[in-house]
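Note sheet for the following structure.
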Amino acid sequence: MKLPFSLARRFVAAETLNDTIPVVRKLNAKGLYVTLDQLGEYVSDRKVAVEATDAYVDLLRRIAEERRDSRLDANISIKLSMLGQKIDEGLCYDNLLRLLSVATEHDIFVRLDMEGSDLTHSTLGLFEKAYPYHPRHVGVVLQAYLHRTAEDVARMCELNARVRLCKGAYKEPPGVAYQQMPVIRERFIEHMQRLIEHARYPGIATHDDILIDATREFVGRNGITADRYEFQMLYGIRPVTQEQIVADGYRMRVYVPFGTQWLPYYMRRIRERKENLWFVVKSLFRK
Ligand code: FDA
């Protein structure tokens, strides 16, 4: 049974790219930058991985076209598991390079989202392999909840790479990830400070006021200008705060997911916040 899209509407812009473009334009008009995410995860078939790469290439070309016709600010986020990472890393790398050459041609930045910890090592390995060929057009994500992240932050600083820092959205065992929110926040703040000082244009991706305030305090105290980093939030979460952060003089990028395969993304957002269940219940009774 296919669930109705109305359920996901709060967190997912639309099921098609045509319907998503006006959403991007509206956000841009409010001074918000955008990252587009064509939804989907793990593919287990080589042909589907190539098709997913084709779809990302089409997305890059469409952004370039829209930008030519009238100003539009959007980069993209991708999941390597959609490019065949779980089937064959070589295939995934070929798909990634094909995509990055189109991104470089059109000067559009591509972020590699970070998935479950079974893929962290592979994702960072593929990133490091592709990065020398496309240093301005590819970046990666690090998750503050993982024990390994301090070392990964150090490495990304060495490479002067572009990193999005987030807490981490997957259920991970205590052997690999911190489980307590105060500890995750503490690690996040350490990584945020290091990335802002020593890496290139990090994305500070959180809706958590404690972490937003810690970032504002850190950059204020050190005289770091607003063009050296950006805040990032998810579409549909704290939209008023998103605009307020821009009004306060900071950069804010909104991660805008779209597409028909919205269920796993939507379930992660529901798991994060119990009150989101109310949005589901209400949306069942609303047209
Ligand atoms: P936290 O969940 O502690 O929430 C703080 C406050 O924000 C809450 O009190 C509430 O007010 C509000 N809030 C947060 N989530 C909400 C929700 N779902 N609904 C309503 N209100 C909510 N993860 C990952 O593993 N890999 C990735 O690549 C990415 N990419 C990514 C990009 C961007 C732009 C963002 C913002 C986040 C990610 N994440 C991610 C997700 C991230 O790891 C994390 O799961 C969520 O951001 C939730 O953690 P917060 O730090 O936002 O705060």
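Just so you know, ligand 1 is whichever comes first in the structure, and atom 1 is the first atom listed for that ligand.
For the pair R228 and Y201, the NZ or CZ position fails the cation-pi test of under 6.0 Å to the six-membered ring centre and within 45 degrees of the ring normal.
Under a cut-off of 6.0 angstrom, the local environment of CD in Q180 is sparse, with at most 12 non-hydrogen atoms contributed by other residues, nucleotides or ligands. Dense packing is recorded around NE2 of H106, with more than 12 heavy atoms of other residues, nucleotides or ligands lying under 6.0 Å away.
Heavy-atom contacts of G168 reach the following atoms of ligand 1: 25 (O), 42 (C), 43 (O), 45 (O) (cutoff under 4.0 Å). Heavy-atom proximity to Q232, at under 4.0 Å, picks out these atoms of ligand 1: 34 (C), 36 (C). The R269 neighbourhood of ligand 1 comprises atoms 18 (N), 41 (C), with distances under 4.0 Å to a heavy atom of that residue. Atom numbering of ligand 1 starts at 1 in the shown order; those under 4.0 Å from a heavy atom of D113 are 28 (O).
When heavy-atom distances to ligand 1 are checked against a 4.0 Å cut-off, I237 comes that close only through its side chain, counted from C-beta outward. Contacts between R253 and ligand 1 below 4.0 angstrom, taking non-hydrogen atoms only, are absent altogether.
Taking the side chain as every heavy atom from C-beta outward, L234 and R269 approach each other to under 4.5 Å.
An N or O contact shorter than 3.5 Å links A169 to ligand 1 by distance. Of the N or O atoms in C166, none lie within a sub-3.5 Å distance of an N or O in ligand 1. Of the polar atoms of Y170, none of the N or O atoms is found under 3.5 Å from an N or O of ligand 1, judged by distance alone. Residue T206 has at least one nitrogen or oxygen atom sitting less than 3.5 Å from a nitrogen or oxygen atom of ligand 1, judged on distance alone.
Of the candidates R268, M114, R111, the one placing a heavy atom closest to atom 26 (N) of ligand 1 is M114. Remark: among candidates R10, Q143, H207, K167, the nearest residue to atom 2 (O) of ligand 1 is K167, based on non-hydrogen atoms.
Heavy atoms only, all atoms of each residue included: L119 and S81 are closest at CD1-CB, 4.1 Å.
At a cut-off of 3.5 Å, with distance as the only test, no side-chain donor of T104 or R136 sits close to an acceptor on the other residue.
Under the rule for a side-chain hydrogen bond (donor to acceptor under 3.5 Å, both in side chains), R71 has no partner lying at least two apart in sequence or in another chain.
Listed by first and then second residue, the side chain to side chain donor-acceptor pair (under 3.5 Å) pairs that reach into residues 142-151 are R148-D152, sequence neighbours excluded.
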